[in-house]
Amino acid sequence: MKNKEVSRIFREIAQILELKGENPFRIRAYEKAAQNVESLEKDIEVVAKEDKLTSIAGIGVDLAGKIKEIVSTGKLKQYQALKKEFPADVIKMLDIPGLGPKTVKLIYEKLKITTIKKLQDAAKSGRLQTLEGIREKTEENILRGIELVKKGSERVPLSFALDVSAEFLAELRKCKEIDKIEVGGSLRRRKDTIRDIDILVVSKRADTVMNKFVNSKLVKEVLAHGKTKSSVISKDNMQVDLRVVENKSFGSALLYFTGSKDFNVKFRQLAIKKGYKVNEYGAFKKEKYICGKTEEDIFSLMKMAYIPPELRENRGEIEAAQKNKLPRLVKLKDIKGDLHVHSKYSDGTSSIEEIAAQAQLKGYEYVAVTDHSQSLKVAGGMSKERVYKKIDEIKKVNKKFKKIKILIGTEIDILSDGSLDYPQKLLAEFDLVVAAIHSGFKQSKAQITKRLVSACNNKYVNIIAHPTGVLWGTRDPYDVDLEEVFKAARDNEVALEINCHPQRLDLNDVNVMKAKANGVKLTLGTDAHIIDQLSLMELGVDVARRGWLLKEDIINSMPLDKVLKWLKK
DNA sequence: GCCGTTTTCGGCCCGACTGTTTTCAGTCG
């Protein structure tokens, strides 16, 4: 797989071309190509071999030739020549917020500044002010931008952004000048990681709302404060943007503010073809306002089905909506049980009975109590004896609860040599076996892949939990050949989990799509360690929806009898 | 550099805010 390599090279070419002041549309062509290659499901090397590169959107004859060169020689002559034109650190200056290609070029060429450190020194000493168009404020902004880069303006996990946005929403809702309020952006699309929070409000008193917003106690720093748009940095270091519009523009503004960027570009192009102009204030014919009060109005004007926010990534959803062939996405109410829950028997805090009661309250037909296996000592991994004790208790509780079935489960460790943490004889005692990697994350791709594949080959294993091991913001996924895991899972009727825990959300949307394309079934598991966390199911459903899943793709949208049948593969 | 049921040439989404200058370029989303 050289998809990442190709897209990295194209992205960097785009940056260098920006510095050179090249045609912006040519630059965008490289960026678009980079993105499309990166999100391509197929291996770019295979597509190149089949001579089908130009069938990829945004890849024409020229870029196809460049991809072939990269795939066959591992290099691209054009790229190597371009790299010589600017020092690597100068290209990195483009990452500084507020500093764009024009200014970087000016600074590099006039002052011969080649590193971010030198840039910082020059800004502090006021030397940048010798340049045309740069005065005190710009210098300050550059210094602030450098600090932001150092701190790492990285994406945060969805759950963290949800918490921050909830605080802002609560604060803004106190403001009686606000008639409507909604979150947009990647948060509304429920991406697994979020860079900034976009909030949209309807108000007739935009100035009052803006003043309250930028002066809120939640705000650390004001980046911009305009009549209809403001940006701040929150106390938790998240950028929050607020936009105020009139009611008649609420739908169009929400559409625009929800994005994604690629979706917006495609959508607006389509509008032009149909003779309309769509912006955040509405859909217009010539200068005449047609609609914009709701998103539905605009979709219907474009003669397409309403596209749920989770799908708006320009991954084919616009074409599908035009043909009225959008997938009937799984909904929270389709989920009939939770297949990954921890009890007091390992590192959870709830009793079997509490879990049963809460799951019943959720309207579930079943819940699997999947405690850790013996090796995972830090998480109260259970000995063989404790397993039998737990089985006895579950049987008793099952007699007490008529409306819900507790499945006897285990989240068993896949040990570093690929073997499982309990003998086969004990595994036979469980209704459900969830296998997962909790150690040896640094092993080679081949080793990790082999461990997961051999777990799939075990006849008692039903589910692979959090298949890539990612912990958003803390730990990168381990190196694994998912294609191999997909094959093994499909051939052995093993499902892959979408772990709903906000730090995990693993598999993610893209891998969920790939799994489905490979004929693999998915499960949703909250990994709850306390009964309140059974509500995390919602986040997992969001991932499933972003991955275009129907309820038919998800094991635990089936009723109990069918799940039991599936478990007895 | 890509793309095409108005086009194989001439388009390519569209608008807000800031800083600097005095009408606009640069940057961002």
Side-chain angles (χ1 to χ4, degrees), chain A residues 10 13-14 17-19 21-37 53-67 78 93-107 128-129 131-142 144-145 148 153 184-187 189 194-200 206 210 214 222-232 239-245 249 252-253 255-284 314 318:
Chain A
F10 282 177
I13 289 175
L17 294 178
E18 267 198 307
L19 283 175
E22 277 265 3
N23 174 1
F25 299 106
R26 186 176 171 223
I27 293 167
R28 197 148 84 209
Y30 276 96
E31 285 171 350
K32 203 173 168 185
Q35 182 149 23
N36 289 343
V37 169
L53 287 170
T54 52
S55 69
I56 302 169
I59 305 291
V61 175
D62 186 87
L63 288 182
K66 286 171 185 171
I67 292 174
Q78 175 212 13
M93 286 182 198
L94 291 172
D95 296 335
I96 298 170
L99 197 53
K102 295 286 187 328
T103 317
V104 169
K105 188 173 187 222
L106 186 72
I107 290 170
L128 295 183
Q129 291 193 43
L131 298 172
E132 195 179 336
I134 296 185
R135 292 293 169 264
E136 204 181 341
K137 288 271 193 178
T138 305
E139 242 174 10
E140 281 173 19
N141 284 340
I142 289 172
R144 199 158 53 172
L148 281 174
S153 56
S186 49
L187 201 56
R189 302 200 312 278
I194 308 287
R195 195 183 300 281
D196 50 31
I197 295 170
D198 302 300
I199 301 173
L200 177 67
M210 281 305 169
V214 298
V222 179
L223 298 176
H225 180 182
K227 282 199 289 284
T228 64
K229 187 182 166 185
S230 293
S231 291
V232 302
Q239 183 171 334
V240 185
D241 298 340
L242 181 73
R243 188 78 182 254
V244 183
V245 295
S249 300
S252 43
L255 186 69
Y256 157 70
F257 234 10
T258 299
S260 64
K261 188 181 171 204
D262 288 342
F263 172 89
N264 284 349
V265 170
K266 181 91 177 197
F267 192 89
R268 288 178 178 193
Q269 277 171 348
L270 187 78
I272 291 170
K273 265 188 208 156
K274 290 186 182 285
Y276 297 102
K277 183 178 79 166
V278 173
N279 58 29
E280 56 263 55
Y281 299 108
F284 299 85
N314 192 23
I318 291 178

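Side-chain atoms are counted along with the backbone in the values below, which use heavy atoms only and exclude waters and symmetry mates. Numbers restart at 1 for each chain; the letters A, B, ... are given by sequence-line order, proteins then strands.
Spacing between B/dC12 and B/dT6 at atom C1', rounded to whole Å, works out to 16 Å. Distance check on atom C1': B/dT27 versus B/dT20 gives 14 Å, rounded to whole Å. B/dC28 and B/dC13 have their C1' atoms separated by 14 Å, with the value rounded to a whole Å. The gap from the P atom of B/dG11 to that of B/dA16 amounts to 24 Å, rounded to the nearest Å. The same atom, P, is picked in B/dG1 and in B/dT5; the two are 23 Å apart, to the nearest Å.
The residues A/Lys266 and A/Asp262 are annotated as not salt-bridged, no charged nitrogen and carboxylate oxygen being separated by less than 4.0 angstrom.
Residue A/Lys261 places no side-chain N or O under 4.0 Å from the OP1 or OP2 atom of B/dC28. The phosphate of B/dT27 has OP1 or OP2 within less than 4.0 Å of a side-chain N or O from A/Thr103. Contact check, A/Thr138 against B/dT20: a side-chain N or O comes under 4.0 Å of OP1 or OP2.
Side chain of A/Phe25, nearest nucleotide from B/dG1, B/dG15, B/dC17: B/dG1. Distances from the side chain of A/Lys137 to the nucleotides B/dC14, B/dG19, B/dG1 place B/dG19 closest. Distances from the side chain of A/Tyr281 to the nucleotides B/dG26, B/dG15, B/dG1 place B/dG15 closest. When the nucleotides B/dT27, B/dG19, B/dC14 are ranked by their closest atom to the side chain of A/Asn279, B/dC14 comes out on top. Among the nucleotides B/dG1, B/dC13, B/dC17, the one closest to any side-chain atom of A/Thr228 is B/dC17. For A/Leu63, the side-chain atoms get nearest to B/dG1 when compared with the rest of B/dT20, B/dA16, B/dG1. The A/Asp241 side chain lies nearest to B/dG29 when the options are B/dG29, B/dT20, B/dG1. Of the listed nucleotides (B/dG1, B/dT18, B/dG15), B/dT18 has the atom at the smallest distance from the side chain of A/His225. Counting only heavy atoms from C-beta on, A/Lys66 has its side chain closest to B/dG1 among B/dG1, B/dG15, B/dC13.
Minimum heavy-atom separation, A/Glu139 to A/Ile134: N-CG2, 4.4 Å. Heavy-atom minimum distance, A/Tyr256 versus A/Asn264: O-ND2, 2.9 Å. The two residues A/Ala33 and A/Ile59 make their nearest non-hydrogen contact at CB-CD1, 3.7 Å. Heavy atoms only, all atoms of each residue included: A/Asp241 and A/Ser231 are closest at OD1-OG, 2.7 Å. Closest non-hydrogen pair, A/Val278 versus A/Ala271, comes out as CG2-CB, 3.5 Å. A/Tyr30 and A/Asp62 make their closest contact through OH-OD2, 4.4 Å (heavy atoms, listed as atom of the first residue, atom of the second, distance).
Within 4.0 Å (heavy atoms only), A/Arg26 reaches at least one base atom of the nucleic acid. Counting any heavy atom pair closer than 4.0 Å across all strands shown, A/Pro101 reaches sugar-phosphate atoms only and no base atom. Residue A/Lys227 is in sugar-phosphate contact alone, with no base atom involved, counting any heavy-atom pair closer than 4.0 Å across all strands shown. Using a 4.0 Å heavy-atom criterion, one finds that A/Leu99 contacts the sugar-phosphate atoms exclusively. Residue A/Asn264 is classed as having no contact, given no heavy-atom separation below 4.0 Å to the nucleic acid. Note on A/Glu132: nothing from the nucleic acid sits closer than 4.0 angstrom, heavy atoms only.
A heavy atom closer than 4.0 Å to some atom of DNA chain B occurs in A/Arg268, A/Gln269, A/Ile272, these being the qualifying members of residues 266-274 of chain A.
Atom-to-atom, CD1 of A/Ile134 to P of B/dT27 comes out at 9 Å; the value is rounded to the nearest Å. Distance A/Asn141 CG to B/dA25 P: 20 Å, rounded to the nearest Å. What separates NZ of A/Lys229 from C1' of B/dG15 is a distance of 8 Å, to the nearest Å. In this structure, A/Glu136 places its CD atom 15 Å from C1' of B/dT18, rounding to the nearest Å. Rounded to whole Å, the distance from CG on A/Leu255 to P on B/dC14 is 13 Å. In this structure, CD of A/Glu280 is placed 13 Å from C1' of B/dC28, rounded to the nearest angstrom. Distance A/Leu131 CG to B/dT20 P: 12 Å, rounded to the nearest Å. Look at CD1 on A/Ile56: it is 15 Å from C1' on B/dG1, rounded to the nearest Å.
Within the model, atoms CG of A/Leu131 and CG of A/Leu106 stand 4.5 Å from one another, a figure rounded to the nearest 0.5 Å.
Under the side chain to side chain contact (heavy atoms under 4.5 Å, CB included) rule, A/Gln239 has a single partner from A/Ile197, A/Leu223, A/Ile194, A/Asp198, which is A/Leu223.
Side-chain atoms of A/Arg189 come within 3.5 Å of backbone atoms of A/Thr258 as a donor-acceptor pair (strictly under, hydrogens ignored).
Projected onto DNA chain B by closest heavy-atom contact, A/Val278 and A/Ser230 fall at different nucleotides, the more 5' of which corresponds to A/Val278.
If you check B/dT8 for Watson-Crick or wobble pairing at under 3.5 angstrom, you find it has no partner at all.
The base of B/dG1 sits within donor-acceptor range of the side chain of A/Asn23, with an N or O pair under 3.5 Å.
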